[in-house]
Protein chains: 2
Amino acid sequence: MKSRTNNFLSKTDILNAADQTFRRFGPDKTSVTDVAKLLGVSHGTLYRHYPSKAALREAVTERWLEEQIIIPLAELVEQAAGSPLQNLRAYVEKLIELKQRSEAQDPELFSMYAAVTGQATELIETHLQRIVSQLGRLVEQGRAAGVLAVDEDSEVTARCIIHATSRFHHPGHAYEWKSPATRGEFLQLWSLLERGLVSPQAHFKAD
Amino acid sequence: MKSRTNNFLSKTDILNAADQTFRRFGPDKTSVTDVAKLLGVSHGTLYRHYPSKAALREAVTERWLEEQIIIPLAELVEQAAGSPLQNLRAYVEKLIELKQRSEAQDPELFSMYAAVTGQATELIETHLQRIVSQLGRLVEQGRAAGVLAVDEDSEVTARCIIHATSRFHHPGHAYEWKSPATRGEFLQLWSLLERGLVSPQAHFKAD
């Protein structure tokens with residue numbers, strides 16, 4: 001416990017303390033009081049910023065998703081220099097790698113994120129929309145280049161790709177990721193998706 | 001509680017009693033003793049058949065999956081009379097309908113199945129393999145008819161289709177099924193998959 005000499009409590013201070021406490025005690029056993037203690041403030045003071053443990057869990061998860069997932073993927077989109085299909089695949093593989101690595105190396109925060117996923121619909125939908133926007137930019141580049149035969153709204157296709165690959169990056173499937181077959185199953189699925197993405201004739205036939 | 005006049009305790013008796021008890025008290029609150037009481041046998045007698053509550057949950061889930069999912073889908077495969085693409089879509093839509101209906105109308109058993117999914121790897125893999133075999137028969141019919149341009153091993157493609165549509169039938173995504181956008185999102189994804197399944201040129205290009 002550290003004591004505070006002034007009343008200023010920044011969002012970063014609170015999230016750092018909550019993050020540290022969730023990691024130490026686990027998300028289920030952590031109480032708001034534990035976080036307040038680490039900050040050297042009263043339970044009431046912390047409640048004025050985050051009115052429940054759920055609110056604190058969501059705020060930590062939101063920042064964690066930003067730092068662990070969105071920022072590395074944004075860098076990949078900025079630097080994408082391959083063919084349209086290579087860029088799409090690199091994005092999805094990076095998303096999968098980031099999720100699977102978090103699950104293995106950062107289990108407390110990953111399991112908190114998994115629990116929040118089923119509860120905080122708005123937070124998760126916002127996160128998903130950011131993923132869709134990032135991937136949508138790469139889809140749009142491929143469509144503009146005439147390589148992808150897809151819907152004019154590139155985010156529709158991006159969302160399809162994210163849904164189709166859920167098994168490899170959605171936390172509800174984490175129990176499946178340890179199987180040695182997983183990597184091969186992704187490659188088979190990706191091959192099927194690529195055929196769908198590039199096929200103009202089939203596109204018009206199926207419409 | 002009913003009393004038993006002989007020692008014969010069939011698997012069906014036990015599973016019926018366990019099913020009824022799980023529905024009444026909920027899977028978390030049910031104890032093996034509750035099931036033994038309903039059967040009119042001692043806790044020890046029941047333990048000789050199912051050595052833990054986990055074993056009882058798995059046995060009930062296994063039967064539930066058979067009755068609620070596998071049997072109706074087997075009937076659909078037997079009666080499939082449309083084009084290959086229509087048959088594939090009918091199968092996947094039926095799988096989705098059965099899962100989503102169970103979640104809405106049979107929440108106790110569905111939530112038990114959802115919990116078992118992350119724990120009983122072998123049971124769930126066996127269930128998945130049965131789904132893959134059923135769908136694989138329909139894929140094989142489409143491949144033999146020259147409509148689908150897919151791997152010689154039809155079960156590889158069937159497994160891809162099941163993985164690609166996980167979001168709509170895997171219990172880890174149940175929280176997403178209430179969204180009114182879900183149906184449209186499935187149709188968009190299905191259209192992308194169909195293009196991949198029928199496109200021979202793209203197939204050879206992508207290899």
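All values below come from the heavy atoms of this structure, side chains included, with hydrogens, waters and symmetry mates left out. Letters A, B, ... are given to chains in the order of the sequence lines, protein chains preceding strands, and every chain is numbered from 1.
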Give a yes or no on whether A/E122 atom CD has more than 12 heavy-atom contacts from other residues, nucleotides or ligands under 6.0 Å away.
no

Please report the interatomic distance OG1(B/T165) to CZ(A/R167), rounded to the nearest 0.5 Å.
11.5 Å

Turns out that what part of B/T121 lies under 4.5 Å from chain A's heavy atoms comes down to neither

Testing the 3.5 Å rule here: is there a donor-acceptor pair between the side chains of B/H173 and A/H163?
no

For A/E67, does the CD atom sit with more than 12 other heavy atoms under 6.0 Å from it, leaving out its own atoms?
yes

Hey, could you give me the SG/CZ distance between A/C160 and B/F186, rounded to the nearest 0.5 Å?
10.5 Å

Highest number of heavy-atom pairs under 4.5 Å with chain B: which of A/A114, A/A174, A/A164, A/G118?
A/A164

Identify which part of A/T157 has an atom lying under 4.5 Å from any heavy atom of chain B, answering side chain, backbone, both or neither.
neither

Result for side-chain contact (heavy atoms from CB on, under 4.5 Å) between B/L192 and one of A/D151, A/L192, A/L193 points to A/L193

Does some side-chain heavy atom of B/E125 sit less than 4.5 Å from a side-chain heavy atom of A/E176?
no

